[in-house]
Protein chains: 2
Amino acid sequence: MQYESDRLVEKATDLFWQRGFNATGMRDIQARLDLRPGSVYARFRSKDALFERVLGDYVKHMQATLRSVADAENPLAALRAFFVDSITTSSAHRYKRQCLLVKSLAEIDTLPAASRQTIEQGMQKLQAGFCSVVDALSAQDRLSYPVRRDLLAKWLQNQFVGLRTFASTHDDLVDTTIMIDKVLLDLQSPWPDTSSTEQHTNQLGDK
Amino acid sequence: MQYESDRLVEKATDLFWQRGFNATGMRDIQARLDLRPGSVYARFRSKDALFERVLGDYVKHMQATLRSVADAENPLAALRAFFVDSITTSSAHRYKRQCLLVKSLAEIDTLPAASRQTIEQGMQKLQAGFCSVVDALSAQDRLSYPVRRDLLAKWLQNQFVGLRTFASTHDDLVDTTIMIDKVLLDLQSPWPDTSSTEQHTNQLGDK
DNA sequence: ATTGATCTTGAACGAGCGTTCAAGCGTTCA
DNA sequence: TGAACGCTTGAACGCTCGTTCAAGATCAAT
């Protein structure tokens, strides 16, 4: 029964992932889950609650994956594999290349309050996940340049999100892979000088 | 009259930018433009056509801005100013930090065919804009590392998009600025070795 | 065979959607 | 003065939305 519910949530996830919350109708969901209206409401209470369940499960899954990356023998290689996996899924499910949380972010102003909170907290949880990956890399001296761990985690999450957005519109696997490896290079390259609190020029000179 | 129409399109842009296409109702639009239903339809034909107009004007504006960056005396400084401008708009209009095209990308599967095409072509036009910026930098020998100009343009556009997405959820101006400067550094840092067509390991070693 | 508990069904509800259009309006020109 | 014009109005249309609920189906226990 629990297993059956999980299968149903997966199918609902697919729909929301492809079409977003607002554009996905309960009738779409009813058709995909092969359930009549009453049954959907008996199981999931409402469209809002179902969406929350979908988001929650997605975050849990991503957290688990990030944890396994951090715990891997070679975290850098595991990180690369994680990127490649997430970003180069088959063209048939290209919409899955975009992070579900980021996709939902696009309509956050129109979502029920509970989902809004789930998304914001989910982003923070994933940031914490990236932070543990950064720590794992740091513990193995894989990072040559010293920089605040939380800043590096933010940056890494941002690169991850950016690449996924990019890949959701481009099918060029070669260029995408190059850009993944560029991220892994820049992960270890220098950061801007932050010794002065306000710097509005860069090292190549203004005017 | 043309001026009046432009003002109306600006107001509609604000709405679509904040709430997206699907969640923005014609009644929202009518209220914001202070027009009755018939007047809106007399001017803009349909919700779809109005949205297309909004997207088209947005792309034109971004193209003009990118061109002025490329033509600037110091393109690198202009690029930085462009990033800072786009990404650190006031908290009151935080939704404008996200690129309108990227936001629309999130619901592209549910949009009218014409808008879908406008978005895809718009992304390409902006990529071309970034390409001319890259060329301007290259012409002034601001880029130390040799790499395909179109790949660098894709990368730059991706960084721009990523930072805007990031900033739409974070209000930390300091960290955001650091990440902008990190992009400007990485713009000149080395790229992965692409001499072998297929490389599934990185320079720090697999397994 | 009968009861009671649990799950399923699908017609139907009110609300909101994008859109239309006959009627009303002020202005122009004969 | 009055006919003709373009612009504005807002009630209303057909449709789809999320959701409900009385009635039916299923099945274990008596």
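For clarity, every value in this text was computed on a predicted model and none was experimentally measured. A note on names: the letters A, B, ... follow the listed sequences, proteins ahead of strands, and every chain is numbered from 1.
- Just one of A:Phe166, A:Phe83, A:Trp155 meets the ring pair (Phe, Tyr, Trp, His ring centres under 6.0 Å) condition when paired with A:Phe160; it is A:Phe83.
- Under the 3.5 Å distance criterion, the side-chain polar atoms of A:Trp191 are left unmatched by any main-chain donor or acceptor of B:Leu185.
- One can place CD of A:Gln30 at 13 Å from C1' of C:dA11, the figure rounded to the nearest angstrom.
- A distance-only check finds a donor-acceptor pair linking the side chain of A:Gln188 to the backbone of A:Leu184 [under 3.5 Å].
- At least one donor-acceptor pair under 3.5 Å links the side chain of B:Arg116 to the backbone N or O of B:Leu111.
- A straight line from CG of A:Leu50 to P of D:dT19 spans 10 Å, rounded to a whole angstrom.
- For B:Arg36, counting side-chain heavy atoms from C-beta on, the closest listed nucleotide (D:dT19, D:dG10, D:dT8) is D:dG10.
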Any N/O pairs under 3.5 Å between the protein and nucleotides 25-27 of chain D? List them or say none.
none

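- Here the side chain of B:Arg97 pairs a donor or acceptor atom with the backbone of B:Thr89 at under 3.5 angstrom.
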Sequence-aligned protein contact record of nucleotides 13-18 of chain D, with B where the base is within under 4.0 Å of a protein heavy atom and S where only the sugar-phosphate is: ----BB

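- The CZ-C1' distance, from A:Phe44 to D:dT19, rounds to 16 Å in whole Å.
- In this structure a side-chain-to-backbone donor-acceptor pair under 3.5 Å is missing from B:Lys47 to B:Gly25.
- If you run side-chain contact (heavy atoms from CB on, under 4.5 Å) between A:Ser104 and each of A:Phe16, A:Phe51, A:Phe21, only A:Phe51 comes through.
- To the nearest angstrom, C1' of D:dT9 lies 12 Å from CG of B:Asp34.
- Remark: C:dG4 base-pairs with D:dC27. Criterion, Watson-Crick or G-U wobble with two distances under 3.5 Å.
- Atom CG of B:Leu33 is separated from atom P of C:dG18 by 13 Å (rounded to the nearest Å).
- Across D:dT8, D:dG10, C:dT8, the shortest atom-to-atom separation from the side chain of A:Ser39 is found for C:dT8.
- Put simply, CZ on B:Arg45 is 15 Å from C1' on C:dT20, counting in whole angstrom units.
- Put simply, the side chain of A:Lys103 gets close to the backbone of A:Gln18: a donor and an acceptor are under 3.5 Å apart.
- Rounded to the nearest 0.5 angstrom, B:His170 NE2 and A:Lys154 NZ are separated by 5.0 Å.
- As a whole-Å value, the separation of B:Arg43 CZ from C:dT20 P is 18 Å.
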